[in-house]
Amino acid sequence: MTNREVAIILDRIADILQIKEENSFKIQAYRKAASSIYHLDEDLNTLKQARRIEEIPGVGKAVKAKIEEILEKGSCEYYDRLTAEVPLGVLDMLALPGIGHKTVKIIYEKLGIDNLDDLLKAAEARRIRTLPGMGGKTEYNIKKGMELLRQSGGKVTLGLALPLAEDFRDYLWEAKSVENACIVGSIRRGKSLVSDIDILVASRDYEEIRQKVNNYRGLIEISEHDASCIKGLLTHHIEFEVIIVPPQDYFSCLLWTTGSKTHRNQLFKDSEVPPWPEVNSEIDFYTKRGMEYIAPELRENQGEIEAAGKHQLPQLVGLDDIKGDLHIHSKWSDGAHEIKDMAAAAQALNYSYIAITDHSKSLAISGGLNEEKLGAQKVVIDALNSELSGLQILKGNEVDILKDGRLDFEDDLLKDLDLVIASIHSHFQLDKEKQSDRIMQAAKNQHVDIIAHLTGRLLNRRNGYDLDLDRVLETVAKNHTILEINSHPDRLDIDEEIARRAKDMGIKIAINSDAHHKQDLGLMKYGITTARRGWLSPDDVVNTWEKEKLLNYLGE
DNA sequence: GCCGTTTTCGGCCCGACTGTTTTCAGTCG
């Protein structure tokens with residue numbers, strides 16, 4: 001069992017307890033333990049062997065026993081008992097926006113519905129409105145939510161698929177006969193939602209690879225296999241495909257399997273099908289055709305082939321270019337750690353600056369800071385800065401954009417901060433005009449430096465709010481406001497398409513982790529991938545800049 | 001169920017909006 005799988009079980013226990021309306025603090029305890037484990041930087045199995053499970057924050061005697069049982073047996077008696085009472089299909093319904101634990105409980109108890117398909121049928125048959133507290137709008141929410149789920153077509157986020165793919169690839173590479181192995185397909189191109197995990201393996205021993213796949217701890221089943229391919233299902237029910245080629249064909253197959261189809265169609269004529277033994281590397285392939293090397297993230301037939309032919313591809317931003325992180329939370333609001341701990345984690349990444357940007361007072365659930373606390377936080381940061389060498393902590397805030405476009409703090413207070421992020425956390429359903437006006441008003445505020453998670457989308461969960469992007473981007477450009485690429489793999493907001501538009505309009509971008517936990521600083525790589533897919537260069541991204549240049553820009 | 005310069009039980013625990021109601025329960029960030 002991986003940490004993530006254990007965390008998912010603990011979260012499901014919390015969900016079922018919530019549906020059963022048990023003590024809310026008990027539910028909270030399971031959620032906290034799940035979150036701690038999700039963010040752990042050590043493997044639970046290792047911790048168990050070292051008898052250190054109880055060191056995990058939020059894990060006491062009871063949860064520890066359950067974790068150990070799950071690690072040994074893949075499940076625990078308590079969880080099995082709960083899922084016998086409330087089937088997992090009932091929990092699937094919680095994914096629908098506007099449908100919470102109480103609603104799900106009533107639907108399950110009164111109508112006996114325990115899966116999404118039956119729920120949709122009941123909503124279409126207008127049976128949901130017969131239940132207490134539910135009406136036409138609840139049915140609409142169900143139908144609308146199901147549409148969103150269907151749109152994603154069973155795809156999973158890169159944040160879920162990539163770690164699993166990396167683990168699988170590293171495992172396969174351990175086989176003696178493997179000379180090369182690479183994650184290919186949409187994961188290699190860095191798409192934010194992917195349908196499966198594809199691994200290309202160079203080996204002459206098919207049988208060894210098949211045995212190896214068969215023994216993988218994350219394997220659920222092998223569905224089919226032939227001389228060059230093994231297909232099946234991995235944990236989290238993600239489909240996989242292992243493609244096995246002889247070593248001399250590896251690089252041409254790497255190109256072919258990375259795709260995308262449209263990139264391939266544009267590049268190759270019908271007659272051209274791999275292998276091409278003369279190809280020694282991808283760079284070699286493009287060079288021999290008189291082109292620059294095209295990075296996997298660009299291979300989407302969005303003008304990259306033409307640009308590569310003219311040697312006009314941008315120099316893409318990379319993780320190594322990043323010098324700081326401008327959107328970080330601490331314990332002062334809803335973060336998990338003290339500022340000094342986040343600073344230490346940033347130093348470990350060799351950053352030269354970070355901005356502490358806790359929430360503002362309106363976001364009460366997250367412990368948003370009021371004027372007084374913000375003042376106190378500045379004193380703490382000043383003290384830390386006087387001790388730190390090599391890293392500067394910028395005094396910032398993620399200030400809420402209120403319903404009418406005003407900000408949660410007065411200008412007088414904002415002007416004294418090093419960095420102001422403005423973002424929306426409420427009133428998602430305003431109409432296009434009002435929503436756009438609201439953001440534009442924030443962008444026009446001379447103290448606002450960055451607009452964070454512009455569209456508010458949550459991948460597989462919620463579409464972005466209705467925005468007139470043309471008008472918004474125009475205002476952002478005019479006011480020299482920076483747009484954020486939020487690196488959280490559930491957000492990746494703005495996406496590559498908007499990022500590229502923004503770049504063309506001269507808008508600068510900040511790639512931020514929005515870290516609520518030390519480990520979250522590592523999410524930066526997902527934002528980088530999105531930036532690369534948006535054709536961004538280091539110069540387009542303000543947090544690749546030297547500190548002095550950045551501070552100058554913020555001060556203007 | 002966890003946690004304790006509060007110390008082994010009692011605290012943990014927001015607030016606004018939405019939808020279904022006609023005074024409030026459920027959802028969400």
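The shown structure was predicted, so the numbers you read here are calculated from the model rather than taken from an experiment. To find a chain, count down the sequence lines: A is the first, B the second, and so on, and within it residues start at 1.
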* **A/Tyr465 and A/Ile439, any side-chain heavy atoms less than 4.5 Å apart** => yes
Ion pair present between [X] and [Y], side-chain N to carboxylate O less than 4.0 angstrom?
{"X": "A/Glu474", "Y": "A/Lys478", "value": "no"}
{"X": "A/Arg31", "Y": "A/Asp15", "value": "yes"}
{"X": "A/Lys340", "Y": "A/Glu387", "value": "no"}
{"X": "A/Arg471", "Y": "A/Asp437", "value": "yes"}
{"X": "A/Asp495", "Y": "A/Arg501", "value": "no"}

* Name the nucleic acid region contacted by A/Gly136, choosing base, sugar-phosphate or nothing; use a 4.0 angstrom heavy-atom cut-off, strictly under. => sugar-phosphate
* side chain to side chain contact (heavy atoms under 4.5 Å, CB included) against A/Leu148, all qualifying residues, sequence neighbours excluded -> A/Gln151, A/Asn463
* Partners passing side chain to side chain contact (heavy atoms under 4.5 Å, CB included) against A/Glu147 (at least two apart in sequence or in another chain) -> A/Lys144
Rounded to whole angstroms, how far apart are [atom1] on [X] and [atom2] on [N]?
{"X": "A/Asp490", "N": "B/dG29", "atom1": "CG", "atom2": "P", "answer": "12 Å"}
{"X": "A/Ile56", "N": "B/dC3", "atom1": "CD1", "atom2": "C1'", "answer": "16 Å"}
{"X": "A/Arg31", "N": "B/dG29", "atom1": "CZ", "atom2": "P", "answer": "13 Å"}
{"X": "A/Asn141", "N": "B/dG19", "atom1": "CG", "atom2": "P", "answer": "7 Å"}

List, with names and distances, any nitrogen or oxygen atoms from the protein found under 3.5 Å away from nitrogen or oxygen atoms belonging to nucleotides 22-28 of chain B.
residue : atom : partner  : partner atom : Å
B/dG26  : OP2  : A/Lys102 : NZ           : 3.2
B/dG26  : O3'  : A/Thr103 : OG1          : 3.2
B/dT27  : OP1  : A/Gly100 : N            : 2.6
B/dT27  : OP1  : A/Gly100 : O            : 3.1
B/dT27  : OP1  : A/Thr103 : N            : 3.0
B/dT27  : OP1  : A/Thr103 : OG1          : 2.3
B/dT27  : OP2  : A/Lys102 : N            : 3.1
B/dC28  : OP1  : A/Gly98  : N            : 2.4

If you measure from the [atom1] atom in [N] to the same atom in [M], how many Å do you get, rounded?
{"N": "B/dC14", "M": "B/dT7", "atom1": "C1'", "answer": "28 Å"}
{"N": "B/dT6", "M": "B/dC12", "atom1": "P", "answer": "14 Å"}
{"N": "B/dC13", "M": "B/dT18", "atom1": "P", "answer": "26 Å"}
{"N": "B/dG15", "M": "B/dG10", "atom1": "P", "answer": "26 Å"}
{"N": "B/dT5", "M": "B/dG1", "atom1": "C1'", "answer": "24 Å"}
{"N": "B/dT23", "M": "B/dC17", "atom1": "C1'", "answer": "16 Å"}
{"N": "B/dG11", "M": "B/dA16", "atom1": "C1'", "answer": "25 Å"}

* To do: Strictly below 4.0 Å, heavy-atom distances to any atom of DNA chain B: list the hits from residues 58-69 of chain A, or just say none.
  => A/Gly58, A/Val59, A/Gly60, A/Lys61, A/Ala62, A/Val63, A/Lys66
* **Residues touching DNA chain B, which here means a heavy atom under 4.0 Å, drawn from residues 329-339 of chain A** => none
Can you find a side-chain donor-acceptor pair between [X] and [Y] that sits under 3.5 Å?
{"X": "A/Asp358", "Y": "A/Ser333", "result": "yes"}
{"X": "A/Asp493", "Y": "A/Thr455", "result": "yes"}
{"X": "A/Asp408", "Y": "A/Ser360", "result": "yes"}
{"X": "A/Asp520", "Y": "A/His39", "result": "yes"}

* Structure fact -> Any strand, both distances under 3.5 Å, Watson-Crick or G-U wobble: B/dT8 pairs with none
* Structure fact -> Nucleotide by nucleotide, nucleotides 6-17 of chain B touches protein heavy atoms under 4.0 Å in the pattern (B base, S sugar-phosphate only, - none) ------BBBS-S
* Counting heavy atoms not belonging to A/Arg129, are there more than 12 under 6.0 Å from its CZ? -> yes
* Structure fact -> Shortest non-hydrogen pair, A/Asn543 vs A/Ala510, comes out as OD1-CA, 3.6 Å
* Within the pair A/Thr138 and B/dT20, is there a side-chain N or O less than 4.0 Å away from OP1 or OP2? -> yes
